[in-house]
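For reference, the structure is listed below as structure tokens.
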Protein chains: 2
Amino acid sequence: MKIPSPSIPRISLYYRVLLSLKDKDIISSQELSELTGCSAAQVRKDLAYFGQFGRPGSGYNVEVLKTELKNILGIDKDWDVALIGAGNLGSALLAYKGFRGQGFNIKYVFDNDRKKIGKLKQGIKVRDILELKKATKQIGINLAVVAVPQEAAQEVIDELVLSGIKAILNFAPIRPRVSEDIKVLNIDLSTELERLSYFLQRRKV
Amino acid sequence: MKIPSPSIPRISLYYRVLLSLKDKDIISSQELSELTGCSAAQVRKDLAYFGQFGRPGSGYNVEVLKTELKNILGIDKDWDVALIGAGNLGSALLAYKGFRGQGFNIKYVFDNDRKKIGKLKQGIKVRDILELKKATKQIGINLAVVAVPQEAAQEVIDELVLSGIKAILNFAPIRPRVSEDIKVLNIDLSTELERLSYFLQRRKV
DNA sequence: CTAAATTTTGTACCTTTTGTAACCATAGAG
DNA sequence: CTCTATGGTTACAAAAGGTACAAAATTTAG
């Protein structure tokens, strides 16, 4: 069955909300609706794409649903992540505790700056970016976070793809060209700010 | 006219591409298509929502289009921005040069950490978050970036709204509740990673 | 210089995707 | 047993993207 792509971030959201629940065994789509801002029908539909998790008349078992959503999102197991770029943003990402808590372990850090290579950052050795190809092939990492300057991004991403990486979270303000079977998500701060700027400007009109 | 919301980030993308062009007076939707990955019809349609900028038979004048897109996005003028949270992520954002270059000036930095308050970060004084209300009222800032931990986020955002902020870029992994007239864009790293994780897991099936 | 051919925009129409609302069946309460 | 609450399903509506073509500008040919 074809699953609408907007459903996936919503599943993440439901999962986040479930995690924050205390002393609650059962939850209804109505309650989930109020906690997430999505319509109750949307909640039921999103969940129904993946199976029949609820019981008519009562609702969803919170523990069961948490387990199911973890399976759906693929976070029932841990993922090893490579981080490219140990500058300001890269360091901030490295320090962000949310990753490890969610099962994303930044296992390798690469940079091209001689001053950084060999040093430890958050207990992880910064490696020369030239080792990239070898390292990912050896260990079979298939998830990478790219936090390098715009000029270097396409080149780094090409190298990552050659190394067998299949999914990339890209913070550089470009839309990289990759082959069909690679998934790239772009987080572009300038674009987001421009969306807000657009909103602010239109607001008065 | 109703403008599809996905058009706005694409307009940003077109603008970014135009900036990178050298020695080019005229550009066609076809060329923009190749440079952005959007279809040529999509490009024309997006631009046509805002006016008739092109000339049949030749294309779009690059300089004119740049100016028009800046107007559309509201980045023809500068915006003053308040940054809340001077931790790892906040500091990285503060150091990011892209903001100032695009006309987004981080003018105020707030934090609740006594150790940070009063110190300078990137030449900007870190203020006590308690001053928030007063400061924004006085200066009329209406754009804020929230880079505080999850627990503090909703409270900070409530305070921002009270202070007259109209648009918020939120990095905390919550979906904050705000009134209708406030625009919030959420950047949630965990959700993005979970989307990638979902993709990786499904890939083999 | 004129007219035909070519290029390219802007838009009307169609298709696909996504979201909303209504309906039905079932579990549980009283 | 009856009634209410609730999930899953189906039908409908809205949003977004893709296709195709007329109109306009430019280029080419004669």
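Labels below follow one simple rule: chain letters A, B, ... track the order of the sequence lines, proteins then strands, and each chain is numbered from 1. None of these values were measured; they are calculated from a predicted model.
Atom CD of B:Glu31 and atom C1' of C:dT7 are 12 Å apart (whole Å). Counting to the nearest Å, the C1' atom of D:dG8 and the CG atom of A:Leu65 are 15 Å from each other. If you measure from atom CE of B:Met1 to atom C1' of C:dA12, you get 14 Å, rounded to the nearest angstrom. Atom CZ in A:Phe53 sits about 11 Å away from atom P in D:dT9, given to the nearest Å. In this structure, B:Ile26 atom CD1 and C:dT9 atom P are separated by 10 Å, rounded to whole Å. C:dT8 atom C1' lies 13 Å from atom CG of B:Leu32, rounded to whole Å. At whole-Å resolution of the value, CG in A:Asn61 and C1' in C:dA27 are 15 Å apart. Here D:dT26 presents its P atom at 14 Å from CG of B:Asp25, a figure rounded to the nearest Å.
A salt bridge does not link A:Asp76 with A:Lys70: none of the charged nitrogens is closer than 4.0 Å to a carboxylate oxygen. The residues B:Glu194 and A:Arg16 are annotated as salt-bridged, a charged nitrogen and a carboxylate oxygen being separated by less than 4.0 angstrom.
Within 4.0 Å (heavy atoms only), B:Gln30 reaches no atom of the nucleic acid at all.
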Report, one pair per line, the protein and nucleotides 14-19 of chain D atoms (nitrogen or oxygen only) whose separation is under 3.5 Å.
residue : atom : partner : partner atom : Å
D:dA16  : OP1  : B:Ser5  : OG           : 3.3
D:dG17  : OP1  : B:Arg10 : NH1          : 2.8
D:dG17  : OP2  : B:Arg10 : NH2          : 3.1
D:dG17  : N7   : B:Lys45 : NZ           : 3.2
D:dG18  : OP2  : B:Gln42 : OE1          : 3.3
D:dG18  : N7   : B:Lys45 : NZ           : 3.4
D:dG18  : O6   : B:Lys45 : NZ           : 2.5

For nucleotides 28-30 of chain C, which of its nitrogen or oxygen atoms have a protein nitrogen or oxygen under 3.5 Å away, and what is each distance?
residue : atom : partner : partner atom : Å
C:dG28  : OP1  : A:Arg55 : NH1          : 3.3
C:dG28  : OP1  : A:Arg55 : NH2          : 2.6
C:dG28  : OP2  : A:Arg55 : NH2          : 3.4

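In this structure the side chain of A:Phe110 never reaches within 4.5 angstrom of the side chain of A:Glu159, judged on heavy atoms.
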Pairs under 3.5 angstrom only: tabulate donor-acceptor contacts from the side chains of residues 85-95 of chain B to other protein residues two or more places apart or in another chain.
residue : atom : partner  : partner atom : Å
B:Ser91 : OG   : B:Ala86  : O            : 3.3
B:Ser91 : OG   : B:Gly87  : O            : 2.7
B:Ser91 : OG   : B:Lys121 : NZ           : 3.0

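Regarding contacts with the backbone of C:dT11, a side-chain N or O of B:Gln52 is found under 4.0 angstrom from either OP1 or OP2.
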